[in-house]
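Below is one structure, written out as structure tokens; comments come after it.
For the numbers below, each heavy atom of this structure counts, side chains included, while hydrogens, waters and symmetry mates do not.
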Amino acid sequence: MLPPGEKYKITWYMSWSPCSECAAEVTRFLDTHRNLSLAIFSSRLYYFWKSDYQDKLRRLNQAGAQIAAMDFPEFEKCWNKFVDNDGKSFRPWKRLKINFRNQDSTLWDILRGPVSLLTEDIFYMQFSNRHRVQPVQQRRYYQRKTYLCYLLEPYNDQQPLKGCLQNKKDKHAEILFIDKMRSLELCQVRITCYLTWSPCPNCAQELAAFKKDHPDLVLRIYTSRLYFHWRRKYQEGLCSLWRSGIQVDVMDLPQFTDCWTNFVSSQSPFRPWNNLEKNSRCIQRRLQRIKESWGLQDLMNGLGNLQLGPPLS
């Protein structure tokens, strides 16, 4: 029974990574304890070749748990804190570093998982910036949902990480994104997000807090449409993003094309719909008026000059 007003950070050192059943139990626990962060360091991966074990580890990771292989620093910390060692220093065994690299590479591949790409129809239906919903086949209307596509680009030799998220019943896509990012060991990285709708006030506050916890992170959000942009609370949410250093802008033809290239399962090039650029300019003007009405234009000019970071190789 953890008091909800307090925040907790727990670190586990494990000889084996959790089995599928235990991983599911811990996931359920984390889902009901949002004030707790869990880091799991395992010496070995348990039945890592079985798809069910991989799926449960990914779900645990998506729930916010940081999962990593034990390297020399973790073995040493575990030795110092939990071993009756009579003051002796930890002596690494042979091939510790090689074994760590193998475990780390395997775990990275598991947690990345197969990227779930969008279909062409989903992209055109959900990312369209038309003012009104267009009829689809025999259906007169369809619901425009929140989709978030992210591309994480490290400033080193690591491969970019990307994924597509959608609102769940109890979590918005932005919160799922934050959980995923918190489960990684983020340092200097650049993240680009493409959203069908701009964040709601609560998600905006959570994103701002996440950025505050990761000052070296460059986060840029492009949105296809503005969500309840005429309401003061939603405008305040956008302002909290800008003040935190997150760049928020409207998707235009280059962003729609890039999103299509990276996140849509298609061999065909992106085909812009009618008035795409006209609609983007209209939405950009609305966003500009929000910036000006809240006196944030000078701040945004400064962010544009200072926060782009070094060019990626």
Side-chain angles (χ1 to χ4, degrees), residues 4-7 34-35 37 64 126-133 143-150 165-182 186 189-252 255 259 279-309:
E6 301 290 336
K7 290 189 176 182
R34 302 297 302 164
N35 58 329
S37 64
Q126 299 297 340
F127 274 89
S128 170
N129 63 359
R130 294 186 177 101
H131 182 62
R132 297 184 182 277
V133 172
Q143 184 180 3
R144 296 207 281 196
K145 303 176 182 178
T146 298
Y147 282 81
L148 186 154
C149 301
Y150 65 87
L165 302 168
Q166 183 185 355
N167 276 7
K168 290 187 176 181
K169 186 176 181 180
D170 57 342
K171 282 186 183 180
H172 287 188
E174 295 91 335
I175 305 303
L176 295 172
F177 165 76
I178 293 171
D179 288 345
K180 176 66 177 177
M181 294 302 104
R182 288 195 187 279
L186 296 178
V189 297
R190 181 167 67 188
I191 305 175
T192 302
C193 293
Y194 297 112
L195 274 160
T196 53
W197 289 107
S198 57
C200 71
N202 180 63
C203 289
Q205 293 291 340
E206 292 289 336
L207 285 165
F210 168 72
K211 178 64 175 72
K212 183 179 179 181
D213 293 339
H214 298 80
D216 294 331
L217 179 147
V218 176
L219 176 57
R220 184 153 201 171
I221 294 174
Y222 291 99
T223 182
S224 174
R225 303 178 298 271
L226 297 179
Y227 192 53
F228 288 111
H229 59 88
W230 59 89
R231 292 188 178 179
R232 184 178 179 84
K233 268 185 72 173
Y234 289 76
Q235 293 182 8
E236 288 176 347
L238 289 173
C239 292
S240 69
L241 294 175
W242 287 318
R243 291 192 180 104
S244 72
I246 298 174
Q247 301 180 64
V248 184
D249 211 336
V250 176
M251 293 178 73
D252 206 344
Q255 288 77 42
C259 188
N279 294 339
S280 289
R281 289 193 294 271
C282 179
I283 300 170
Q284 285 167 355
R285 286 194 294 270
R286 291 179 195 145
L287 194 62
Q288 182 68 24
R289 286 196 291 270
I290 294 173
K291 293 177 188 177
E292 292 173 352
S293 65
W294 289 81
L296 293 173
Q297 188 56 48
D298 291 340
L299 172 64
M300 295 312 301
N301 290 337
L303 284 176
N305 293 329
L306 296 175
Q307 205 196 8
L308 289 179

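Arg231 contributes atom CZ, which lies 14.0 Å from atom CG of Leu226 (distance to the nearest 0.5 angstrom). Here the CZ atom belonging to Arg182 is positioned 10.5 Å from the CZ atom belonging to Phe177, to the nearest 0.5 angstrom. If you take OH on Tyr150 and CD1 on Ile221, they are separated by 14.5 Å, rounding to the nearest 0.5 Å. Taken to the nearest 0.5 Å, the CG atom of Asp252 stands 5.5 Å off from the CD atom of Gln284.
Using cut-offs of 30° and 60° on the angle between ring planes, the pair Tyr227 and Tyr234 is perpendicular. Below 30°, between 30° and 60°, or above 60°: for Phe210 and His214 the angle between ring planes is between 30° and 60°, a tilted geometry.
The two residues Leu148 and Cys193 come nearest to each other via the heavy atoms CD2-SG, 4.2 Å. In terms of heavy atoms, Val250 sits closest to Leu287 at CG2-CD2, 3.8 Å. Taking every heavy atom of both residues into account, Leu176 and Gln166 meet most closely at CD1-O, 3.4 Å. When all heavy atoms of Gly237 and Ser240 are compared, the pair lying nearest together is O-OG, 2.6 Å. Shown here for Ile246 and Leu207, the closest heavy-atom pair between the two residues is CD1-O, 3.6 Å. Residues Ala204 and Leu241 come closest through the heavy atom pair O-CD2, 3.4 Å.
Side chain of Asn167 to main chain of Ala173: a donor-acceptor pair is present (N/O by atom type, distance under 3.5 Å, no hydrogens or angles). Using modelled atom types, one side-chain atom of Gln235 and one backbone atom of His229 make a donor-acceptor pair closer than 3.5 Å. Listed for the Lys212 side chain is no donor-acceptor partner under 3.5 Å among the backbone atoms of Ser244. Side-chain atoms of Gln205 never come within 3.5 Å of backbone atoms of Asn202 as a donor-acceptor pair (strictly under, hydrogens ignored). Of the possible donor and acceptor atoms, one in the side chain of Asn35 sits under 3.5 Å from a partner among the backbone N and O of Glu6. Here the side chain of Arg225 pairs a donor or acceptor atom with the backbone of Ser128 at under 3.5 angstrom. Here the side chain of Thr146 pairs no donor or acceptor atom with the backbone of Trp197 at under 3.5 angstrom.
The side-chain heavy atoms of Lys145 and Thr196, taken from C-beta on, include no pair separated by under 4.5 Å. Taking 4.5 Å as the limit, every side-chain heavy atom of Val189 sits out of range of all side-chain heavy atoms of Met181. Within the 4.5 Å cutoff, the side chain of Lys211 has heavy atoms near those of the Leu217 side chain. No side-chain heavy atom of Trp294 sits under 4.5 Å from any side-chain heavy atom of Trp242.
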**Message:** Checking Met251 against Asn129 for the side-chain contact (heavy atoms from CB on, under 4.5 Å) test, could you report, in this order, the C-alpha distance in whole Å, the side-chain angles of both residues, the deciding distance, and whether it holds?
**Reply:** CA-CA 9 Å; Met251 293 178 73; Asn129 63 359; over 6 Å; no

**Message:** Run the side-chain contact (heavy atoms from CB on, under 4.5 Å) test on Ile283 and Thr223 for me, step by step, so that the C-alpha distance in whole Å, both residues' side-chain angles and the decisive distance to 0.1 Å come before the verdict.
**Reply:** CA-CA 10 Å; Ile283 300 170; Thr223 182; 5.8 Å; no

**Asked** Checking side-chain contact (heavy atoms from CB on, under 4.5 Å) for the pair Glu206/Glu174: CA distance, chi angles, key distance, verdict?
**Response** CA-CA 8 Å; Glu206 292 289 336; Glu174 295 91 335; over 6 Å; no

**Message:** If you apply the rule side-chain contact (heavy atoms from CB on, under 4.5 Å), what do you find for Asp179 with Lys171, and how did you get there?
**Reply:** CA-CA 10 Å; Asp179 288 345; Lys171 282 186 183 180; 3.0 Å; yes

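Applying the salt bridge (charged side-chain N to carboxylate O under 4.0 Å, His left out) rule to pairs touching residues 281-290 yields nothing, sequence neighbours excluded.
Using a 3.5 Å distance cut-off with no hydrogens or angles, the side chains of Tyr222 and Arg220 do pair a donor with an acceptor.
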